[in-house]
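Keep in mind that the numbers below use all heavy atoms, side chains included, and drop hydrogens, waters and symmetry copies. Chain A is the first sequence line, chain B the second, and so forth, proteins listed ahead of strands; every chain is numbered from 1.
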Amino acid sequence: MAQLTNAKVKPPRRNSPEYREYLRLKLRAAPWWLYAIIAIAILTFITIFTNIPFQKAFLFIKAGLSVTITTTLIAFIFALVLGLLTGLGRISDNTFFKNLSTLYVELIRGIPMLVLIFFIAFVGIPGVVNGLKAFGIWLTEIGVSGIGGWLSAIKNEVPMNTRAVIALSTTYGAFLAEIFRAGIQSIGRGQMEAARSQGMSYWQAMRYIILPQAIRNVLPALGNDFISMLKDSSLVSVLAVRDITQIAKLYAGRTFQYQEAYITLAVLYLTMTILLSFLMKFIEKRIQKNEQR
Amino acid sequence: MSSADDMVVIQDLKKHFTGIEALDGVSLTVKKGQVIVILGPSGSGKSTLLRCVNQLEEKTSGEIWIDGEKLTHNSKQIDKIRSEIGMVFQHFNLYPHLTVLENITLAQKIVKKISKEKALENAMAQLKRVGIPEKANNYPAQLSGGQQQRVAIARALAMNPKLMLFDEPTSALDPEMIKEVLEVMLDLAKAGITMIVVTHEMGFAKAAADEVVFMDKGQIVEKASPVVFFTNPTHERTKLFLSQILNH
Ligand SMILES: Nc1ncnc2c1ncn2[C@@H]1O[C@H](COP(=O)(O)OP(=O)(O)O)[C@@H](O)[C@H]1O
Ligand SMILES: [Mg+2]
């Protein structure tokens, strides 16, 4: 086995007894799981494009792709910001921010994601909206009518797509916070000390010295969480957001073609996640190459 | 307490860590242009003393003046005084994600607000001074330990410091690289830069030090000129330490 990990080993001559052994080991070490996935995907695509019921299901469900993708992308960007701020809060010397960020992370960690999505969409967001409106009315009463009028005019009906994005980014913000915290803590103390000894402020040292190194270290973990988020975005279908999961559900309910709908749905997710993990491997390789400068 | 030709005045400095008195009443005056070498066994408080001078460590009690200015808790003052004190660490602590030039120009630009051109010019001058201008565009990982430490010295010098602190700058180096770093430090000493150097390099102490300070258990045991210190030390603890160092 060991010799196979070394790509430089020359294959033995064909038809020699060593060659059979070499072939056996090589076959055993191949990523069969990957070939299987690719085979499944190809087979399903062939089915989708040759079999009329599957084709219909696919054409119907793909209408949800843009919602799935934009929800994930926007929510991930917000989660990155929230996660970075919370991660910085977790390691901060400021008692208030430290406790606030820890509270947030622990709350989110202790509640199932599906429950969180319901809670944020139907309790959290209406609560915040009502609070803001009450604040606006109070401001108007005490004479600050500009901001007051603007706040009290907020519509009650926050669109479900927006609620979905807020719910996903709030949830993932807590996960990403832990990644950022670990990344920052992985940078040796000497880096901060060197920067501070040159007269940089804490934030300058963070911005120019610690974070660039920390973020580079956590890129693979962030990529993994992006893929997880793409999958977890299916949960927002419970808010009647028309992502691919919701649309597949609708299609299955209407046509009773459960197999066609859910096989197509599963393959769509699988295709996206596999493409993304290839993209990540590619980016990681690029970064590694850069580091060997 | 601090006269015009004093660069550092330390008075009855104490630093307490849980369970240990790392500095137990240290008083020391460093005059402008002086080179002070600090010797002492491991754990005697040498690093803590240097780190209190640029406030990487917060003192428990006592007073410190740098160039006549008394150190306070004011974070603006702390940042300003740190920018005027160069520190060289045992493990170099170069910024690995930046090139050698970027390592040397960054703090000039964001702390001292020097223009990019001036900062670059200054950086190249400092790199020439430490003898490796050809490494300007390399990354730290591509340099030998000795070269990295010379870049770290250049990085500190580029801030035009009043005072340089060296904490065992050659202890992490392979033997063949110690000389190139010591030569650079010797040049700085000759150029009249005020330096406090923690090192076990006796050759450097003899050649460059105006005074040698021996520390043990958080206190200064003996302070003397190199000649007196190495030929005729007063205290038993100093003699013991010297015999251990010279015999190994
Ligand atoms: N951050 C710290 N926390 C607790 N104890 C420390 C810390 N830094 C240093 N010490 C202790 O203070 C004493 C002096 O340490 P140090 O100044 O590093 O000694 P030296 O540099 O002479 O070897 C040692 O006993 C060390 O263990
Ligand atoms: Mg030390």
Side-chain angles (χ1 to χ4, degrees), chain A residues 80 84 87-89 91-98 179-223 280 283-293, chain B residues 47 50-51 53-58 75-100 102-113 137-143 148 151-152 155-161 163-167 172:
Chain A
L80 280 176
L84 181 56
L88 287 168
I91 54 160
S92 141
D93 281 338
N94 182 304
T95 316
F96 177 74
F97 285 120
K98 195 188 183 97
I179 293 181
F180 280 119
R181 182 177 64 91
I184 293 170
Q185 285 175 336
S186 74
I187 305 301
R189 211 167 58 123
Q191 290 289 304
M192 180 56 96
E193 290 187 344
R196 297 307 302 273
S197 81
Q198 290 198 285
M200 287 186 219
S201 70
Y202 178 81
W203 290 113
Q204 282 180 323
M206 266 294 164
R207 153 92 176 70
Y208 292 100
I209 305 302
I210 308 297
L211 284 180
Q213 299 181 56
I215 289 174
R216 190 179 282 197
N217 287 353
V218 300
L219 272 182
L222 292 179
M280 269 175 49
I283 294 174
E284 268 171 54
K285 284 233 174 75
R286 284 287 295 270
I287 291 174
Q288 274 170 9
K289 236 189 221 158
N290 272 346
E291 273 168 359
Q292 285 160 6
R293 273 174 305 213
Chain B
S47 298
L50 287 193
R51 294 161 58 83
V53 167
N54 71 357
Q55 289 173 292
L56 283 179
E57 219 65 79
E58 201 178 328
S75 66
K76 278 255 155 55
Q77 189 216 29
I78 293 179
D79 286 349
K80 179 182 148 278
I81 290 190
R82 278 183 185 152
S83 75
E84 299 167 347
I85 300 177
M87 178 124 180
V88 177
F89 301 86
Q90 183 177 352
H91 296 287
F92 331 136
N93 296 351
L94 292 180
Y95 311 132
H97 60 303
L98 302 179
T99 64
V100 165
E102 289 164 343
N103 263 276
I104 306 177
T105 51
L106 179 65
Q108 294 186 65
K109 288 188 284 191
I110 67 173
V111 176
K112 295 186 80 182
K113 317 277 188 226
N137 293 311
N138 288 75
Y139 282 83
Q142 299 168 316
L143 307 185
Q148 289 192 47
V151 171
R155 176 176 73 177
L157 289 174
M159 298 295 280
N160 195 16
L163 169 67
M164 289 282 291
L165 307 174
F166 294 83
D167 192 357

Atom group of B/R51 that falls short of 4.5 Å from chain A, counting heavy atoms: side chain
Distance in Å, A/I187 CD1 paired with B/Y95 OH, rounded so as to fall on 0.5 Å steps: 13.5 Å
Donor-acceptor under 3.5 Å (B/H97 side chain, A/R216 main chain): no
Separation of A/Y208 OH from B/E102 CD (nearest 0.5 Å): 12.5 Å
Atom OH of A/Y202 with >12 non-hydrogen neighbours under 6.0 angstrom: yes
Which portion of B/L94 sits near chain A, non-hydrogen atoms under 4.5 angstrom: backbone
Interface residues of residues 189-197 of chain A facing chain B - non-hydrogen atoms under 4.5 Å apart: A/R189, A/G190, A/Q191, A/E193, A/A194, A/A195, A/R196, A/S197
Best-contacting candidate, B/I85, B/L106, B/N54, against chain A by heavy atom pairs under 4.5 angstrom: B/L106
B/S83 side chain near A/Q198 side chain, heavy-atom distance below 4.5 Å: no
Heavy-atom contact with chain A under 4.5 Å, split by part of B/F89: side chain
Donor-acceptor under 3.5 Å (A/Q204 side chain, B/I110 main chain): yes
Inter- and intrachain pairs under salt bridge (charged side-chain N to carboxylate O under 4.0 Å, His left out), touching residues 87-98 of chain B, at least two apart: none
Contact leader toward chain A among B/M87, B/R155, B/K76, B/Q108, where contacts are heavy-atom pairs under 4.5 Å: B/R155
